[in-house]
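Read through the structure below, which is laid out as structure tokens, and then see the notes.
The chains referred to below are lettered A, B, ... by the order of the sequence lines, with proteins before strands, and numbering in each begins at 1.
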Amino acid sequence: MAEMNMIQAINSAMDVMLERDSSVVVMGQDVGYFGGVFRCTDGLQKRHGEHRVIDSPISEGGIVGTAIGMAVNGLRPVAEIQFADYIYPGFDQIVSELARIRYRSDATFTTPVTIRTPSGGGIRGGQTHSQSPEGIFAHVSGLKTVMPSNPYDAKGLLISAIESNDPVVFFEPKRIYNGPFDGDPNKPSQSWSAHPRGEVPDDYYTVPLGQADIVQEGDEITIVTYGTIVHVAQAAAQALGVNAEVIDVRTLMPLDIMTLQASVEKTGRCLVAHEATRFCGYGAELVASIQRACFWHLEAPIERVAGWDTPYPHAFEWQYFPTQKRLAAGIRRVMEAG
Amino acid sequence: MAEMNMIQAINSAMDVMLERDSSVVVMGQDVGYFGGVFRCTDGLQKRHGEHRVIDSPISEGGIVGTAIGMAVNGLRPVAEIQFADYIYPGFDQIVSELARIRYRSDATFTTPVTIRTPSGGGIRGGQTHSQSPEGIFAHVSGLKTVMPSNPYDAKGLLISAIESNDPVVFFEPKRIYNGPFDGDPNKPSQSWSAHPRGEVPDDYYTVPLGQADIVQEGDEITIVTYGTIVHVAQAAAQALGVNAEVIDVRTLMPLDIMTLQASVEKTGRCLVAHEATRFCGYGAELVASIQRACFWHLEAPIERVAGWDTPYPHAFEWQYFPTQKRLAAGIRRVMEAG
Amino acid sequence: RPATNVDFQETEQLAFELIRVLDDDFEPRGPWAPDLDKDQLLESLKLMTLVRAYDDRMYRMQRQGKISFYMQCLGEEATSIGPGMALRDGDMIFPHYRQQALYLMRGTGLLNMMCHCLSNTRDFCRGRQMPVFYQHAEGNMFTISGNLCTQYPQAVGWAMAAAIKGSDDIAASWIGDGSTAEADFHHALTFAAVYQAPVILNVVNNQWAISTFQAVAGGERRTFAARGHGYGIPGLRVDGNDLLACYATTAWAAERARNGGGPTLIEFVTYRGGAHSTSDDPSRYRPRDEWSAFPLGDPLKRLTGHLERLGHWSKDQQSELEAEMKQHVADTWKEACSHGTMTEGPFLDPHEMFEDVFEEMPRHLDEQQAEMMELEEQEWPK
Amino acid sequence: RPATNVDFQETEQLAFELIRVLDDDFEPRGPWAPDLDKDQLLESLKLMTLVRAYDDRMYRMQRQGKISFYMQCLGEEATSIGPGMALRDGDMIFPHYRQQALYLMRGTGLLNMMCHCLSNTRDFCRGRQMPVFYQHAEGNMFTISGNLCTQYPQAVGWAMAAAIKGSDDIAASWIGDGSTAEADFHHALTFAAVYQAPVILNVVNNQWAISTFQAVAGGERRTFAARGHGYGIPGLRVDGNDLLACYATTAWAAERARNGGGPTLIEFVTYRGGAHSTSDDPSRYRPRDEWSAFPLGDPLKRLTGHLERLGHWSKDQQSELEAEMKQHVADTWKEACSHGTMTEGPFLDPHEMFEDVFEEMPRHLDEQQAEMMELEEQEWPK
Ligand SMILES: Cc1ncc(C[n+]2csc(CCOP(=O)(O)OP(=O)(O)O)c2C)c(N)n1
Ligand SMILES: Cc1ncc(C[n+]2csc(CCOP(=O)(O)OP(=O)(O)O)c2C)c(N)n1
Ligand SMILES: [Mg+2]
Ligand SMILES: [Mg+2]
């Protein structure tokens, strides 16, 4: 056991897998000699060699395309896209190829590729360093989509992703790389050491894909969220003194609807929250699935708190970001309805 | 007035706009000398010249990227992507550039580009000639997203799209290019001449963006859909003898929620249907928005009928496609619930 | 013909010439003439004749509505067969959709290929792909994609992995002239150059991309073979209707790659003898007699001409062979249809549509599968 | 220096040489020596000195937390200023993020650029972009994107439109060495070649792409200038720290484009003198003294050296100029801050966040805007 922040946990996951499985390779822009712009691959090339931790040209399409070819030849590439905002030049290889090669070939070819990419805002990154495109990938049949909210899950889920024979897009909420964030930018930044999930085993372990996590039990309302907003939601509910059940979806596809359903049937009220823009965002699917599964138990309409339907504006980050204030307003709307 | 199928109506819209506005240009693969693989640009190069109706290299990214540059220089490009399945190599230019140039530049630069692309299945096109990715584009702030369901709307909406100073992604349901389709592949194919909306003015007219269309009034259930499924839904409701209100969304972004809300408040029951895969599809947003707007009027959970969450399989097209049978099952679930 | 280990600089001229072996009198000439023995030549002729018979039959079957779609490789056969002969079984092939000959060479089997085009119970894609999107893992033939050029960087990645694993197998990929405009062409060349991947990147320049002449892809300003020069990748421009030249140039590039010399880009100059696909009508955009005027002729005629000159073959033997292949194809078609057609059973079980989206079927697909199967039971209209 | 209307073939050698004007003694030599008069040279020196003072100040302001982010162009100034002088006002510029000098040349204004970096009430992006993502429509300077290389095909499209409209304005775009690996590089070159677009495509090879040396983009196997050869596009490899060479080569390419000669690719060889950005720590991946060892020197020293040789300038005058510019920048910064900073008002009104997503605000944004404004009123924690 060691105290790790999310960067160290993610680094450890790759380190462990590079050690355990000689078919694992790590690739991406600046990931090798330098160790990554967020340091997630720090030291890996030194430990595992240039042939297994590879600096790639600035070509997201080329990174995904070659990763697919490597996977077809028996490797397990873990490819980093430096920011989720820059994943789009690789979109065709992800959607048209990576996601469907197993299917179209009747599983005679498979592509166990993991794509890691930092996402989300709250770091003054403006419109091209803050995006949360997870909903787009969750819509693509054949991709698994994951977003952890703490170091323990990050390492365990990333190892599961690397070991999965299905392609996985693994989003890393960069705002909480170094510490949990309750949505108040004026507070001194916290470290993971205080957080129970900041305790991470040094060795191999997994957190299974496809299982949501009830991070806080409650009976007045269910808050379904993931990534950074898990921490904001907990803080908001606490500040309001509402006994909320907070669920961290963790794996967006496949979705653990059973855990969500059981909770909403218990509380009768539900708020869905994420950082991504609202219209057609992942939250829409959560609402649609939950209203169908729990309709007869719902005492109020399901509300969504999400990024506004605009690009992520540099100057207005804290009016754009789903802060405690906005979560609280959403919780109130749900609690006071009906 | 003339009888036109959707291909002729779309061709006429571009012809009219090329004639009226010297800044309009048409570009895309095979659109020039040949007139397009679906004939939508037939005769346009001959009439308007090689400089205004341009054959492009096979490079969707280059087509969108150069179209943006042309727009910045005062032109109004109408770019064809030969199949919606092949739009992804242009995805970065659409999402990162086209959608956000107005915003990021405080409207000092604008990009009035229309991207036309045939979408949807039912033509034995398999997984790479049948996709319906509209939900992905509706999620991107800054894009308008349109899908007509008949020749009259197709021409009027396309002219509105070309005249819009916002970028528009214009999806053309290729299954109904030549005639309406009620979902039964064994019936002899129908022509548009029998359909009231097959009557199309030869000259300029518009159908405004952002307005849904109630194609059939009813009071038992509201069916919200668009594109090919509009026709399937009408046939299914009729076959069941259900007095359904069928709404053609027409413009997916911005969504005309008021028309949907008024209808569902009246009927108390709602089915959402589309061809795209269900998980995180556009229908999820429709359900999420409607359940919030109409929660207290709903007598049953909102159901979705959509493409299964798999790639579009060649051999099982009619088990995959939302046929009358599947629409009917959905209608029954909604009608019988509660 | 430079040594296979020369520096890039010494190869530059080869991107602008047209590398040929067979002259107009079917005589092998020049430094590229390979030593293929009689059996190998006859083997390749047999294959070429079979592919033509296959294409001809399948094209007509589509016209009769027996299959939904088809694409011929008429006139381009040598650009698959020649290279195929020069590669090892362990080398991985990432084809474009006009390499049916390579699938036959790698043991995919005529019957299996027909069953795929029929999407029948024996389809190795289990009905999930349109006709001609073949695959054959055992034969190291990759699954064909509908999206142009995506296989190019994949081939480079496969080759990078071979190098990482210390194997001397190489990868080879094919695309068309029009596809060179796609992003993945640049991705492939960039990564191949940077990592010196053991890969052969082939461009089959058949003059047309559906209705657009290769000039719309920039082929007239500069040869496609020269596209690699900006990256320091050797380019060979080859007479694609000359089976011996196709073989010899691939052998050169393969030896170079296997010995650590890195990638080679090969442009095969040929002509698309047929329509783009069964959905296409070339009479709308090109002269009907263009092929007959094409200076590089017909690869089949040139190969038979060569064999006749060697005294290994005669017109009669060729007619016999064609009749034999035609019969073989007809018999195989009959057998293929016995495994189901689009209209007559046996049919694939639609529940298979939900398999292989993921390794294990997640709950939501399980439910959708059950819902679909239940609907299958129901009558409609009731 | 060939005539500007020569065939591509006659330009090929220029992609492998290093085109220079100023020799090591700051003497102009060779056929590329332009005739820039004293005033023009002093003008460019003034600008270069201003840009350095600006970069220096803004870099420190970020370090002090006054702005969120910054990127210098230290050492690369000549690759913007030289070309900028050779273009006409009507020519459209699609820059990379290190062309701040071009914005200054095109009249964007130091004050406005600072106000943008502060995202304050005078920010021409109204707070929507990170610092250094400038724009200036009146000056025909495009809005900078965070996504690398996207501006390249856009510049080609702009140039195609100019040709369609019969104007003789041209477009010019800049990217870095690392960005050449992106798909849009290939898109731009393909379309530029096919349509012979009047465009200048510049690659600023400053040796580094964040932590990766230009070799990771393939720069060591083949010059970036040669990337165009595969498409038949002339490439010029230029000493990017030689303002006169940067000017002269751009003038050549501009004249060629304006007269229908089509695109030119220009590689400017230079060195990234500073960190990649304020988020970067180059000591982790390159020797601290690498710049001082860079053979092409410092563009500012070379320009002052040249002017001194001509007797137009002295060390003292340069120190005065630097002091003057430093003061000018300091004063302007003070004024900029009076329009608001990240911490002190006046602030932009957050409701503006919802404007310009579309030309007219649709209902859902209207509602979201109202909801946000209402929340702004509320206290939290209550
Ligand atoms: C990404 C993508 N864009 C467009 C298409 C549509 N399309 C299919 S084949 C084809 C022409 C390809 O021409 P070429 O590369 O020369 O190959 P050929 O058909 O001549 O063998 C086009 C445009 C596609 N399949 N994929
Ligand atoms: C599409 C995309 N991928 C990755 C990045 C992250 N990134 C920003 S700058 C940079 C390096 C660019 O290097 P180069 O092109 O040489 O330009 P320079 O910084 O040297 O001027 C990278 C990788 C990005 N902004 N956009
Ligand atoms: Mg072709
Ligand atoms: Mg650089």
Side-chain angles (χ1 to χ4, degrees), chain A residues 60-61 85-96 99-100 103-104 126-128 131 133 135-142 252-255 272 276-289 291-296 298 300-304 307-311 313 337-338, chain B residues 60-61 85-96 99-100 103-104 126-128 131 133 135-142 252-255 272 276-289 291-296 298 300-304 307-311 313 337-338:
Chain A
E60 292 72 18
D85 313 63
Y86 304 137
I87 200 168
Y88 307 123
F91 198 65
D92 186 49
Q93 282 283 349
I94 296 171
V95 173
S96 306
R100 299 208 302 266
Y103 190 78
R104 81 185 197 216
Q127 55 143 9
T128 58
Q131 293 168 40
I136 290 176
F137 295 88
H139 181 47
V140 176
S141 305
L252 279 57
M253 165 55 73
L255 170 64
V272 165
T277 53
R278 186 175 77 183
F279 197 85
C280 274
Y282 186 75
E285 179 59 44
L286 289 172
V287 173
S289 297
Q291 76 88 34
R292 171 151 193 239
C294 311
F295 184 81
W296 305 108
L298 283 173
I302 304 169
E303 289 281 337
R304 280 181 286 173
W308 308 117
D309 288 314
T310 77
Chain B
E60 292 73 17
D85 313 61
Y86 303 137
I87 201 168
Y88 307 122
F91 198 66
D92 186 50
Q93 282 284 348
I94 295 172
V95 173
S96 306
R100 299 207 302 266
Y103 190 78
R104 80 185 197 216
Q127 55 142 8
T128 59
Q131 294 168 39
I136 291 176
F137 294 88
H139 181 47
V140 176
S141 305
L252 280 57
M253 165 54 73
L255 171 64
V272 165
T277 54
R278 185 175 77 184
F279 197 84
C280 274
Y282 186 75
E285 179 58 46
L286 289 172
V287 173
S289 297
Q291 76 88 34
R292 172 155 193 235
C294 311
F295 184 81
W296 305 108
L298 282 173
I302 304 168
E303 290 280 338
R304 281 180 288 173
W308 308 117
D309 288 314
T310 76

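Closest heavy-atom contact between B/Trp296 and A/Gly338: CH2-CA, 3.3 Å. Listed here is the closest heavy atom pair of A/His139 and B/Ile136: CD2-CG1, 3.8 Å. Nearest heavy atom pair, residue A/Met253 against residue B/Phe279, reads CE-CD2, 3.4 Å.
For A/Ser96, the side chain to side chain donor-acceptor pair (under 3.5 Å) partners are A/Asp92, C/Asn147, not counting sequence neighbours.
Interface summary for chain B: among A/Asp85, A/Leu298, A/Val272, the most heavy-atom pairs under 4.5 angstrom belong to A/Leu298. Considering only heavy-atom pairs separated by less than 4.5 Å from chain A, the leading option among B/Leu255, B/Thr310, B/Leu286 is B/Thr310. When each of B/Ala293, B/Ala138, B/Pro313 is checked for heavy-atom pairs under 4.5 Å with chain A, B/Ala138 comes out on top. The residue among B/Gly281, B/Ala300, B/Gly135 with the most heavy atom pairs within less than 4.5 Å of chain A is B/Ala300. Ranking B/Pro133, B/Ala284, B/Cys280 against chain A, the residue ahead of the rest is B/Cys280, based on heavy-atom pairs under 4.5 Å.
Interface residue A/Phe295: only side-chain heavy atoms are found under 4.5 Å from chain B. Using a 4.5 Å cut-off between heavy atoms, A/Leu252 contacts chain B through its backbone alone, with no side-chain atom that close. Contacts between A/Ala337 and chain B at a heavy-atom distance below 4.5 Å involve backbone atoms as well as side-chain atoms. In this structure, chain B has a heavy atom under 4.5 Å from the side chain of A/Tyr103, while its backbone stays farther away. For A/Gln131, the part sitting under 4.5 Å from any heavy atom of chain B is the side chain, from C-beta outward, and nothing else.
The CD atom of A/Gln291 sits 8.0 Å away from the CD atom of B/Glu303 when rounded to the nearest 0.5 Å.
Using bins of under 30°, 30° to 60° and over 60° for the plane-to-plane angle, the ring pair B/Phe91/A/Phe91 lands in the parallel bin.
Residues B/Ser141 and A/Trp308 have side chains not in contact (no heavy-atom distance under 4.5 Å, counting atoms from C-beta outward). No side-chain heavy atom of B/Arg104 sits under 4.5 Å from any side-chain heavy atom of A/Thr128. The shortest side-chain heavy-atom distance between B/Ser289 and A/Arg304 falls under the 4.5 Å cut-off.
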